[in-house]
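Take a look at the structure set out below.
Since the structure is predicted, the reported quantities are computational estimates derived from the model, not experimental observations. Reminder, nothing fancy here: chain letters follow the sequence lines and each chain counts from 1.
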Number of protein chains: 2
Amino acid sequence: MNAGKQKIDLRDVARLAGVSLGSASRAMNGAGASAATQEKVNQAAAALGYRPNHAARVLRSRLSRTVGCLLPDISNPLYAQVFRALEDEFLRHDYLLLLANGANDVDRETKALGTFTQRGMDGVILAPGNERNAALVEALRVLPMPAVVFDREVSGAHDAVLIDHAGGVRRVVEHLLGLGHRDIALVLWQGDTRPVRRRVQGFRTAFQAAGLPVPDLLVQARSVTASVKAEVTELLARPDRPTALIVQGTHMLNSALRAIAARRLQVPRDISVVAIGDTPFAAEHDPAVSVLDIDQAETARCLVDLLLTRIADNGLPQRRARVGLRYVERDSVAAPPRYS
Amino acid sequence: MNAGKQKIDLRDVARLAGVSLGSASRAMNGAGASAATQEKVNQAAAALGYRPNHAARVLRSRLSRTVGCLLPDISNPLYAQVFRALEDEFLRHDYLLLLANGANDVDRETKALGTFTQRGMDGVILAPGNERNAALVEALRVLPMPAVVFDREVSGAHDAVLIDHAGGVRRVVEHLLGLGHRDIALVLWQGDTRPVRRRVQGFRTAFQAAGLPVPDLLVQARSVTASVKAEVTELLARPDRPTALIVQGTHMLNSALRAIAARRLQVPRDISVVAIGDTPFAAEHDPAVSVLDIDQAETARCLVDLLLTRIADNGLPQRRARVGLRYVERDSVAAPPRYS
DNA sequence: ATGAAAGCGCTAACAG
DNA sequence: CTGTTAGCGCTTTCAT
């Protein structure tokens with residue numbers, strides 16, 4: 001066996017480079033060393049295959065170059081995509097990203113925050129399942145490192161990146177109104193979270209701004225993963241059945257489409273459909289479903305920028321970034337059928 | 001502001017407990033301290049809200065209680081589920097799990113392993129995208145910590161957890177053969193990875209064991225996320241069209257079902273369908289699709305057990321655990337239509 | 001079983 | 001800009 005696998009420390013590098021330990025450290029950190037020293041140290045490090053000991057670095061500098069990320073559920077493709085985008089973005093900045101699944105469980109979330117603290121994360125990005133929970137708010141208040149809240153309204157002076165759900169839904173409704181639709185249904189889940197609240201609000205605003213009555217066509221499933229087939233079926237059986245559906249994408253689109261198919265309605269001839277959140281399923285469906293899409297990359301950039309600038313300077317005022325939604329028109333939207 | 005947020009160190013705890021620093025340390029680690037000392041230290045720690053400094057602990061003990069996990073793509077729900085199960089399992093053992101997306105990109109994978117090394121992971125769990133890539137194999141060879149390979153055949157003396165794809169597919173084929181099906185198609189992607197190879201093998205074995213010719217009905221999509229609508233449509237147009245389809249679940253099931261619907265065939269009356277990998281989509285489809293399902297929890301337990309026992313004792317011989325697949329029968333399988 | 005003391009590998013503070 | 005020195009918070013000897 002090779003005698004020393006990871007035994008090369010900075011002292012060895014310094015010795016080979018013919019400089020002091022301190023200079024070697026400065027050279028490695030790219031600050032306060034002459035070009036000549038830089039060069040010598042870099043070469044020595046490369047020659048020895050030196051890898052800095054992260055724990056020592058963290059212990060001494062009190063900076064871990066690691067951030068924690070607490071998301072409700074990584075098996076939801078939308079969050080998985082955000083995580084991937086975040087990972088890329090942090091990697092670019094030489095930061096490591098830690099993931100924890102909150103699973104809409106305050107206990108789990110609080111525990112994850114505790115782990116983040118203990119492991120000395122430099123910062124945290126989080127989207128709690130229940131944003132109004134007192135225990136969560138308290139855990140967040142005592143958090144010793146900066147936090148950026150993702151698309152939630154959590155009380156406290158945290159930075160936040162907020163998705164413009166209201167604006168997005170409003171735009172879709174206006175588009176549908178323009179095509180002649182009046183009976184537009186909104187299918188969501190009933191959770192008390194910002195995205196849901198704002199979508200409903202955008203829905204209402206669009207009708208009000210157009211001087212139209214807000215239709216009583218709001219369907220709210222019990223859970224974010226529930227099927228809405230029964231509810232949508234019931235909706236479609238009404239005499240004043242909707243001519244357009246705006247449906248939460250990940251889990252509900254499928255059951256909504258099946259309810260439509262079961263009643264032998266055709267998309268978009270008999271009914272138009274827009275999904276909230278883009279997925280392969282929506283894109284590959286026949287007809288391809290128009291969607292309201294989040295720009296994951298831009299969202300990630302915002303989150304990372306907010307967190308990194310705050311880690312660099314905690315004196316900054318509280319900031320809130322807003323990210324718009326993109327309406328991707330595909331083949332599931334048309335003018336409503338003529339009324340008989 | 002509160003003067004000290006995280007300034008309570010073990011020295012403070014020891015002082016309050018009236019014992020030495022060393023005893024406090026031993027008490028915290030639950031080894032080599034008297035019950036009385038244990039108690040005093042625990043109380044003092046609780047009273048002060050002491051949280052051990054992880055970096056210091058790692059630096060001194062050379063154990064990070066952290067493992068890295070390198071998966072091809074977390075936005076694939078199947079991997080997302082495995083990750084969640086792993087997270088739970090490691091949390092139970094007081095380990096932290098780090099996730100990196102390999103994205104079927106050897107560069108990215110190698111880099112991730114480098115990060116894992118530098119950050120002092122105690123071990124690694126990985127499912128490389130390309131298991132035969134030389135650079136990857138080399139990166140794995142020089143890895144200074146134990147690795148457990150998940151469902152891949154990577155050369156090297158690593159422990160591995162292997163899913164019994166061959167057995168699973170064979171069982172499904174045998175079930176279909178028993179119902180009278182002969183023209184059974186297998187729809188996968190064409191990647192050169194163990195799961196794909198073993199599924200094909202199980203498919204062949206089933207026919208051979210039954211003394212039947214292996215049908216020439218293998219469809220292989222270019223990528224794991226590609227649509228197979230065109231291919232399946234072509235398949236269904238043949239005079240000897242298959243009466244049963246076994247389809248990779250996550251991305252291909254949807255397009256396969258659409259191809260079936262487009263030809264106005266009904267499941268299961270005209271054609272039976274079995275998906276590989278369970279998803280909400282399969283379960284909620286109408287008719288609900290029978291699937292070959294991985295037991296995520298058991299898989300996670302195996303992986304964690306293998307890794308943790310090896311971390312504890314690196315002298316162990318190489319081990320390979322096998323995990324079976326569960327056939328979940330739903331409504332998409334029936335006897336084949338009568339031949340005209 | 002306990003206390004005292006010695007570092008783990010690194011960065012930061014201090015002189016020069 | 002550089003070398004020297006101290007010490008981050010903890011675990012782990014080594015004596016007792």
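Rounded to a whole Å, the CZ atom of B:Arg11 is 12 Å from the P atom of D:dG7. As a whole-Å value, the separation of A:Asp9 CG from C:dG7 P is 14 Å. Separating the CG atom of A:Leu48 from the P atom of C:dG9 is a distance of 15 Å, rounded to the nearest angstrom. Taking atom OH of B:Tyr50 as the reference point, atom P of D:dG9 lies 10 Å away to the nearest angstrom. In this structure, B:Leu63 atom CG and D:dC10 atom P are separated by 17 Å, rounded to whole Å. Rounded to a whole Å, the CZ atom of A:Arg57 is 16 Å from the C1' atom of C:dC8. In this structure, CD of A:Gln38 is placed 10 Å from P of D:dC1, rounded to the nearest angstrom. With rounding to whole Å, B:Asn53 atom CG is found 11 Å from D:dC8 atom P.
Counting non-hydrogen atoms under 4.0 angstrom, B:Val58 reaches nothing in the nucleic acid.
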Using a cut-off of under 3.5 Å, enumerate the N/O to N/O pairs linking the protein to nucleotides 12-16 of chain D.
unit_1, atom_1, unit_2, atom_2, d
D:dT13, O4, B:Arg26, NH1, 3.3

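For the pair A:Phe116/A:Leu143, no side-chain contact is recorded, criterion being any heavy-atom separation below 4.5 Å from C-beta on. Between A:Phe150 and A:Leu86 the shortest side-chain heavy-atom distance does not fall below 4.5 Å.
Residue A:Arg62 has no polar side-chain atom (N or O) positioned under 4.0 Å from OP1 or OP2 of C:dT11. Within the 4.0 Å cut-off from OP1 or OP2 of C:dT2, at least one side-chain nitrogen or oxygen of B:Ser34 is found. Contact annotation: B:Thr37 does not reach the phosphate of C:dA1 (side-chain N/O to OP1 or OP2, under 4.0 Å).
Between A:Arg92 and A:Glu89, at least one side-chain nitrogen of the basic residue sits less than 4.0 Å from a carboxylate oxygen of the acidic one, meeting the salt-bridge criterion. Ion pairing between a basic and an acidic side chain is recognised when a charged N comes within 4.0 Å of a carboxylate O; A:Asp295 and A:Arg301 show no such pairing. A salt bridge does not link B:Arg319 with B:Asp305: every distance from a Lys NZ or Arg NE/NH1/NH2 to an Asp or Glu carboxylate oxygen is 4.0 Å or more.
With no hydrogens or angles considered, no side-chain donor-acceptor pair links B:Thr37 and B:Arg26 at under 3.5 Å.
Of the possible polar contacts, none joining the A:Gln81 side chain to the A:Gln296 backbone as a donor-acceptor pair under 3.5 Å is found.
Looking at which nucleotide of DNA chain C each of B:Leu59 and B:Ala33 is closest to, the 5′-most match is held by B:Ala33.
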